[in-house]
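Convention: sequence-line order gives letters A, B, ...; per-chain numbering from 1.
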There are 2 protein chains.
Amino acid sequence: MSIRHAILGLLANGPRHGYDLRATYQDDLVRAGKLNIGQVYTTLDRLERDGFVEHERVVGAEGRDKKVYALTAHGRAELDRWIAGPSPMPLDLRNEVFLKIAIARRIEGVDPQDVIERERRACFERLHEVTQARARAQGVAVEDELLLDLAVLRLKAFLKWLDHCEEKLS
Amino acid sequence: MSIRHAILGLLANGPRHGYDLRATYQDDLVRAGKLNIGQVYTTLDRLERDGFVEHERVVGAEGRDKKVYALTAHGRAELDRWIAGPSPMPLDLRNEVFLKIAIARRIEGVDPQDVIERERRACFERLHEVTQARARAQGVAVEDELLLDLAVLRLKAFLKWLDHCEEKLS
DNA sequence: GGTGCCATGTAACGCGTTACATGATTAT
DNA sequence: ATAATCATGTAACGCGTTACATGGCACC
């Protein structure tokens with residue numbers, strides 16, 4: 001549901017067309033993120049179908065055809081509702097590492113402690129990468145920093161959890 | 001990709017049929033988790049198509065028809081490869097709360113600090129719920145505890161991040 | 001006779017990804 | 001000329017969810 005709301009959010013500051021929405025998303029909203037252009041168009045179709053946006057065909061000064069989308073009142077209400085409400089924090093019952101450990105415990109000849117150790121190594125490496133990226137982002141853009149700070153906190157929490165798993169399963 | 005591997009993992013201890021796989025998943029592997037039975041069958045179809053499993057029609061003692069699936073050598077190799085390799089730890093570039101904050105900053109009349117405050121409250125409540133569930137799980141099953149411990153660590157990390165956001169965006 | 005569990009599926013939809021196709025304009 | 005960018009789409013596939021459909025068996 002995130003891309004729908006991201007697009008609604010970008011439209012809150014005025015009408016835009018699909019290609020422009022993608023550029024704004026990638027260059028301004030989530031600088032490290034990629035947004036598939038095909039998905040933008042299908043998402044806009046669905047938003048229009050649901051009455052959140054409406055479009056107008058505009059022939060630009062250059063002669064290019066554009067479909068310029070604008071928020072409807074309904075769309076603005078949905079955006080406000082989304083921003084005002086809390087985001088779900090699900091339990092992550094399908095966590096891949098958890099599943100891997102649980103399965104490893106059930107198979108003969110596989111040591112779950114080895115799995116934990118390998119995941120820990122990979123997690124450390126990842127933390128290192130992200131920390132370097134964080135250093136490079138320092139002072140460039142606040143939001144880039146925030147996203148990387150979140151990743152760092154998550155990875156540290158995960159490492160703590162892996163230690164915890166090792167203890168409890170020994 | 002998690003369900004595919006979970007099913008391969010459950011088949012490592014011997015052949016099973018779809019309905020049984022789902023029951024084992026829910027009652028043994030991820031006790032808090034639900035697995036849609038339709039998805040089990042479509043996943044088994046795909047695993048078979050890819051050569052990871054093969055099935056045999058078995059008429060049970062009661063007269064019920066069962067399709068009993070077994071790992072192929074290829075499937076076992078894939079399972080081992082999955083267990084041995086690290087799990088991806090992506091950056092979560094589409095994190096809903098991050099998007100919400102970023103969008104809130106770009107819309108007039110919306111205060112991102114309010115968004116952060118609301119998310120924090122929701123996060124606290126969630127932490128409280130999960131902590132209670134954790135207490136109930138204590139001593140029942142180690143893996144139930146681990147999953148909830150992970151959730152607790154994640155929520156705490158997220159709360160820390162929200163505090164961090166509040167500072168940096170003020 | 002009905003309810004519930006065992007057992008298998010299909011269909012429709014949403015969201016996401018990759019790849020392909022089509023044109024116009026702009027810059028080199 | 002031709003490559004890049006602007007601009008719009010479609011098609012195919014994977015994975016996930018909900019809902020629907022079918023039938024046998026067991027128990028009350």
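When only modelled atom types and interatomic distance are considered, B:Gln132 and B:Arg136 share no side-chain donor-acceptor pair under 3.5 Å. At a cut-off of 3.5 Å, with distance as the only test, a side-chain donor of B:Trp82 or A:Glu96 sits close to an acceptor on the other residue.
With hydrogens and angles disregarded, a donor-acceptor distance shorter than 3.5 Å links the side chain of A:Glu119 to the backbone of B:Ser87. Distance alone, capped at 3.5 Å, places no donor-acceptor pair between the B:Arg57 side chain and the B:Lys67 backbone.
Within the 4.0 angstrom heavy-atom criterion, only backbone atoms of the sugar-phosphate kind lie near A:Arg4; the bases stay farther away.
With C:dG9, D:dG14, D:dA7 as the choices, the nucleotide that has an atom nearest any side-chain atom of B:Arg49 turns out to be D:dG14. The side chain of A:Arg46 lies closest to C:dG14, out of D:dT8, C:dG14, D:dG14. Nearest nucleotide to the A:Arg57 side chain, out of C:dG14, D:dC15, D:dT8: D:dT8. The side chain of A:Asn36 has C:dT17 as its nearest neighbour among D:dA7, C:dT17, C:dT8.
Distance, A:Lys66 NZ to D:dG9 P: 14 Å, rounded to whole Å. D:dG9 atom P lies 10 Å from atom CG of A:Asp65, rounded to whole Å. In this structure, A:Asp45 places its CG atom 11 Å from C1' of D:dT8, rounding to the nearest Å. Separating the CD1 atom of A:Ile3 from the P atom of C:dT17 is a distance of 8 Å, rounded to the nearest angstrom. Straight-line distance from the CG atom of A:Leu44 to the P atom of C:dG14: 15 Å, rounded to whole Å. When rounded to the nearest whole Å, the span between OH of A:Tyr41 and P of D:dC6 equals 11 Å. The distance from atom CD1 of A:Ile7 to atom P of C:dG14 is 15 Å, rounded to the nearest whole Å. Counting to the nearest Å, the C1' atom of C:dG16 and the CG atom of B:Asp92 are 15 Å from each other.
Shown here is A:Arg76, whose CZ atom has more than 12 heavy atoms of other residues, nucleotides or ligands within 6.0 Å. Within 6.0 Å of the CZ atom in A:Arg94, the count of heavy atoms belonging to other residues, nucleotides or ligands exceeds 12.
Nucleotides of DNA chain C nearest to B:Thr42 and A:Gln39 differ in position, and the one nearer the 5' end is that of B:Thr42. Along DNA chain C, the nucleotide nearest B:Arg94 and the nucleotide nearest A:Asp50 are compared for position; the residue whose nucleotide lies closer to the 5' end is A:Asp50. Along DNA chain D, the nucleotide closest to A:Gly38 and the one closest to B:Gly38 are compared, and the more 5′ of them pairs with A:Gly38.
Interface residues of residues 18-32 of chain A facing DNA chain D, ordered by number: A:Gly18, A:Tyr19; criterion, heavy-atom separation under 4.0 Å.
Side-chain contact between A:Phe98 and B:Val30 is present, with heavy atoms from C-beta onward closer than 4.5 Å.
Taking 4.0 angstrom as the limit, B:Lys67 places a side-chain polar atom (N or O) nearer than this to OP1 or OP2 of C:dG9.
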